[in-house]
Amino acid sequence: MNINDMLSNDALLINFDGTSKKQVLEELTKLAETKLGLNSRALLENLIKREKLGSTAVGNGIAIPHANVPDIDKPHVFVSTLINGLDFNSTDDRPVDIIFLLIAPDN
């Protein structure tokens, strides 16, 4: 499977003027709800729980929050680029300005 199988034009949030990690995750989960029929609130809660375990920021301005969810048949990626970087508790202390939300099946 390549990235084109997981990503589509309706899964992008480009030049978003987000002011917090939670706000960006909320908007990305709303996209997931629209595209996949997922419960955005439940997905957001899972993502926030995951972030509490440790930051999903991988450095160089990139974060990859992720969650496993039931009732989807393949992984999906939602992307947001930010106008201004946000603090994501990155190991390199750089603000995040590209977020790849990865949603994968439970299995």
Side-chain angles (χ1 to χ4, degrees):
M1 177 176 287
N2 70 43
I3 189 74
N4 291 328
D5 296 328
M6 296 182 274
L7 184 62
S8 62
N9 289 339
D10 57 350
L12 305 174
L13 187 60
I14 305 300
N15 292 327
F16 185 64
D17 193 16
T19 58
S20 70
K21 180 191 310 188
K22 183 179 179 186
Q23 181 191 23
V24 175
L25 292 176
E26 283 175 341
E27 291 304 314
L28 287 170
T29 59
K30 288 177 188 176
L31 282 177
E33 182 175 64
T34 299
K35 182 171 175 58
L36 304 175
L38 300 175
N39 180 316
S40 63
R41 181 171 294 189
L43 179 56
L44 179 63
E45 288 173 9
N46 285 338
L47 292 169
I48 290 171
K49 282 182 195 175
R50 172 56 190 88
E51 286 294 324
K52 287 181 180 178
L53 294 175
S55 176
T56 57
V58 296
N60 295 317
I62 298 172
I64 310 173
H66 50 281
N68 290 15
V69 296
D71 303 324
I72 61 173
D73 59 346
K74 66 177 188 170
H76 294 271
V77 176
F78 296 83
V79 179
S80 179
T81 61
L82 305 176
I83 293 174
N84 298 303
L86 293 175
D87 179 15
F88 243 81
N89 297 320
S90 180
T91 56
D92 66 0
D93 292 322
R94 290 182 55 187
V96 165
D97 58 2
I98 302 173
I99 301 170
F100 296 92
L101 171 59
L102 175 61
I103 301 172
D106 266 344
N107 58 6

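Throughout, residue positions are numbered sequentially from 1 according to the sequence presented. Nothing here was measured: the structure is a model prediction, and the numbers come from that model. All heavy atoms count here, side chains included; hydrogens, waters and symmetry mates do not.
Taking OG1 of Thr29 as the reference point, atom CD1 of Ile48 lies at 8.5 Å (rounded to 0.5 Å). Between Leu28 atom CG and Phe100 atom CZ the span is 11.0 Å, to the nearest 0.5 Å. Between Glu26 atom CD and Ser20 atom OG the span is 7.0 Å, to the nearest 0.5 Å. Here Asn89 contributes atom CG and Thr91 contributes atom OG1; the two are 10.5 Å apart, rounded to the nearest 0.5 Å.
Using a 4.5 Å cut-off on side-chain heavy atoms (C-beta onward), Leu43 and Glu33 make no contact. Using a 4.5 Å cut-off on side-chain heavy atoms (C-beta onward), Leu101 and Leu47 make contact. Using a 4.5 Å heavy-atom cutoff, the side chains of Asn60 and Asp92 are in contact. You'll find the side chain of Lys52 stays beyond 4.5 Å of the side chain of Arg50, heavy atoms only.
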*Kindly determine whether Phe16 and Val24 satisfy side chain to side chain contact (heavy atoms under 4.5 Å, CB included), including the steps that lead there.*
CA-CA 8 Å; Phe16 185 64; Val24 175; 3.9 Å; yes

*What do the steps show when you test Thr56 against Glu51 for side-chain hydrogen bond (donor to acceptor under 3.5 Å, both in side chains), and what is the final call?*
CA-CA 6 Å; Thr56 57; Glu51 286 294 324; 2.3 Å; yes

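Residue Lys35 comes nearest to Ala11 through the heavy atom pair CD-CB, 4.4 Å, listed as atom of the first residue, atom of the second, then distance. Leu86 and Thr19 make their closest contact through CD2-C, 3.6 Å (heavy atoms, listed as atom of the first residue, atom of the second, distance). When every heavy atom of Pro70 is checked against every heavy atom of Leu38, the shortest pair comes out as O-CD2, 4.4 Å. Considering every non-hydrogen atom in both Ala32 and Phe78, the closest pair reads CA-CZ, 3.5 Å. Shown here for Leu102 and Pro75, the closest heavy-atom pair between the two residues is CD1-CB, 4.2 Å. Across Asp87 and Lys21, no two heavy atoms sit closer than the pair O-CE, 4.2 Å.
Side chain of Ser55 to backbone of Phe88: a donor-acceptor contact under 3.5 angstrom is found. Judged by distance alone, the side chain of Asn15 and the main-chain N or O of Leu82 form no donor-acceptor pair under 3.5 Å.
Within 6.0 Å of CG in Asp106 there are more than 12 heavy atoms belonging to other residues, nucleotides or ligands.
Ile62 and Ile14 fall within the same hydrophobic cluster, where Ile, Leu, Val, Met, Phe, Trp and Tyr residues are linked whenever their side-chain heavy atoms come under 4.5 Å apart, directly or through other members.
Residues Glu27 and Ser80 have side chains that never bring a donor and an acceptor to within less than 3.5 angstrom of each other.
Among Asn46, Ile99, Ile103, the single residue meeting the side chain to side chain contact (heavy atoms under 4.5 Å, CB included) criterion with Pro65 is Ile99.
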